[in-house]
There are 2 protein chains.
Amino acid sequence: MQNILIVDDEKDIVNALKIYLSDPDYRIYEAYDGKQALDIVEKEDIHLVLMDIMMPVMDGITALNKIRENSFVPIILLTAKGEDADKVLGLTVGADDYITKPFNPLEVTARVRSQLRRYLKYGSGNEDAGKITIDGIELDDATKQVLLDGNEIALTPKEYEILKLLMSNPGKVFSPREIYSIIWQEKPYGAENTVAVHIRHLREKLEINPAEPRYIKVIFGQGYKIEKRVYK
Amino acid sequence: MQNILIVDDEKDIVNALKIYLSDPDYRIYEAYDGKQALDIVEKEDIHLVLMDIMMPVMDGITALNKIRENSFVPIILLTAKGEDADKVLGLTVGADDYITKPFNPLEVTARVRSQLRRYLKYGSGNEDAGKITIDGIELDDATKQVLLDGNEIALTPKEYEILKLLMSNPGKVFSPREIYSIIWQEKPYGAENTVAVHIRHLREKLEINPAEPRYIKVIFGQGYKIEKRVYK
DNA sequence: ATCAGTTCTTAAGATATCTTAATAACAAAT
DNA sequence: ATTTGTTATTAAGATATCTTAAGAACTGAT
């Protein structure tokens with residue numbers, strides 16, 4: 001028996017998902033905002049969370065981060081098609097998967113099963129999950145290893161997370177405050193400097209010449225980005 | 001060639017399943033109640049059983065338990081939608097999977113394939129089932145024995161489980177909280193130190209020099225991992 | 001009730017990482 | 001050219017994490 005929590009403020013969506021996931025093996029829990037979801041995750045032994053991003057009281061991203069504070073339960077985010085994709089990107093760091101509305105029922109069940117399998121048996125099965133490669137940089141989230149032209153380089157946690165954020169959204173520019181909010185999970189107070197220092201350290205490890213970075217570029221007045229592809 | 005036994009008192013169901021599973025690689029056997037199923041499993045070398053729960057003469061649950069007395073063949077139970085799901089559930093302990101009627105053909109074939117794969121890979125007949133070896137460490141999940149360079153070492157249950165977790169996912173980094181959640185099956189409250197102590201004990205038993213571990217490495221700020229391979 | 005083995009807690013010291021602040025270099029606007 | 005705001009650099013102090021040890025609490029067996 002597996003316990004699945006569905007979180008969406010639209011009752012119709014919750015009901016549709018309940019039907020897709022009707023299976024004697026699944027016990028379905030429901031919540032209609034992030035706060036309720038949090039309460040249920042605290043009390044019950046939830047094995048999987050399906051959660052909308054846009055919700056009243058507490059949105060999905062906030063709830064996701066709160067849940068992640070002391071649980072590794074798989075979380076699949078539900079996102080509406082047009083839904084402010086840019087804003088959402090990068091914020092979904094802690095999520096295990098996401099599904100865009102409108103749903104394909106088969107896709108929902110497949111992803112749910114896949115996440116449950118991964119969670120219950122601790123062999124993910126999918127070797128390449130969480131690997132990102134951009135040019136000579138290869139980031140493997142499972143092993144937390146980063147290879148630069150095939151050679152492992154050692155990053156500190158903050159460096160690793162910043163690199164992962166940038167590599168997860170190649171080409172997208174993140175302001176220092178944005179980076180700080182996402183990685184540190186707190187208000188970007190006195191953030192610019194701190195982020196700059198970490199960027200510097202990253203460059204020292206990644207770039208041939210940190211003063212003329214090939215990968216981590218700065219857009220003056222906007223922020224940092226990692227190039228999608230470096231032209232040599 | 002793989003031998004699949006279909007057990008259902010409704011001939012139509014059996015026929016439908018035969019069509020779904022028509023594959024030159026599968027040889028299909030049929031039975032119409034639990035008693036017949038038992039006879040066939042006794043006589044033939046069956047690799048997978050698909051069995052209804054509600055049947056005359058001998059129901060699926062009873063047959064399941066009888067079969068389990070001396071066989072580990074994968075058994076997928078068939079349950080009708082409304083069929084007292086909750087009551088049935090607790091009884092299906094020995095089953096490997098179940099499928100609810102009405103069937104989705106794709107789902108049937110997928111689950112059958114998945115169970116067969118699991119059985120052939122690790123199943124009976126295979127001596128090495130559940131054995132993991134990484135360099136000099138050999139972990140046998142059947143006997144719960146761990147050999148280090150051929151010599152048995154005694155691990156406590158927690159140590160064993162942590163080692164098994166790490167060895168099941170060589171290279172993958174697990175944070176102490178993650179380890180705690182998985183092994184203890186509860187919220188990782190005050191977990192860091194507890195895990196650290198067990199890691200220490202493991203290292204004392206596994207490593208030549210615990211202060212410079214070859215196998216169980218720490219990734220600062222991230223967690224622990226076991227090396228895929230130790231380069232000497 | 002005692003014992004041996006296991007697990008948990010605590011805490012100190014060692015090590016690695018992060019933040020801060022001060023300053024320099026740079027880019028854009030006037 | 002000057003000004004303003006942004007980004008880069010550096011190093012030292014603050015903080016966090018990891019290791020290790022010792023002993024307390026718990027468990028199951030005798």
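Source: prediction; values computed, not measured. The sequence lines fix the lettering, A, B, ..., with proteins before strands; numbering per chain opens at 1.
- Note on B:T156: a side-chain N or O is less than 4.0 Å away from OP1 or OP2 of C:dT7.
- Partner of A:I76 under the side-chain contact (heavy atoms from CB on, under 4.5 Å) criterion, out of A:L48, A:V49, A:D96: A:L48 alone.
- Residue A:Y189 places no side-chain N or O under 4.0 Å from the OP1 or OP2 atom of C:dT19.
- In the set C:dT10, D:dA21, C:dT19, the nucleotide with an atom closest to the side chain of B:E204 is D:dA21.
- Closest to the side chain of B:N193, out of D:dT19, C:dT20, D:dC18, is D:dT19.
- Between B:H201 and B:T156, the closest side-chain pair of non-hydrogen atoms is not below 4.5 Å.
- Per the geometry, CZ belonging to A:F220 stands 16 Å off P belonging to C:dA25, to the nearest Å.
- Here A:L155 lies out of heavy-atom contact (under 4.0 Å) with every strand.
- If you measure from atom CD1 of B:I199 to atom C1' of D:dC18, you get 11 Å, rounded to the nearest angstrom.
- Atom CD1 in B:I162 sits roughly 13 Å away from atom C1' in C:dT6 (whole-Å rounding).
- Within the nucleic acid shown, B:E212 has no heavy atom closer than 4.0 Å to any nucleic acid atom.
- Distances shown here put every side-chain N or O of B:R200 at or beyond 4.0 Å from the OP1 or OP2 atom of D:dT19.
- Residue B:V197 places its side chain closer to C:dT10 than to any other of D:dC18, C:dT10, C:dC18.
- With A:I137 as the fixed residue, the side-chain contact (heavy atoms from CB on, under 4.5 Å) test singles out one of A:L166, A:L147, A:V146: A:V146.
- Annotation: of the two residues near DNA chain D, A:H201 and A:G223, the 5′-most nearest-nucleotide partner is A:G223.
- Distance, A:E159 CD to C:dA16 P: 14 Å, rounded to whole Å.
- In this structure, CZ of A:R203 is placed 10 Å from P of D:dT7, rounded to the nearest angstrom.
- Within the structure, a side-chain polar atom (N or O) of B:T194 is placed less than 4.0 Å from OP1 or OP2 of C:dT9.
- No salt bridge links B:E227 with B:R214; every basic N to acidic carboxylate O contact stays at or beyond 4.0 Å.
- Between C:dT19 and A:H198, a contact under 4.0 Å exists linking OP1 or OP2 to a side-chain N or O.
- Distance alone, capped at 3.5 Å, places no donor-acceptor pair between the A:D140 side chain and the A:K131 backbone.
- Among C:dA22, C:dT17, C:dC8, the nucleotide with an atom closest to any side-chain atom of A:P157 is C:dT17.
- Taking the charged nitrogens against the carboxylate oxygens, A:K35 and A:D39 do have a contact shorter than 4.0 Å, which makes a salt bridge.
- Within the 4.0 Å cut-off from OP1 or OP2 of D:dA8, at least one side-chain nitrogen or oxygen of A:Y224 is found.
- Summarising the geometry, the separation between CD on A:E192 and P on C:dT19 is reported as 14 Å, rounded to the nearest angstrom.
- Side-chain proximity of B:K158 to D:dT7, C:dT7, C:dT19: nearest is C:dT7.
- To the nearest angstrom, P of C:dT17 lies 7 Å from NZ of A:K205.
- The phosphate of C:dC8 has OP1 or OP2 within less than 4.0 Å of a side-chain N or O from B:W184.
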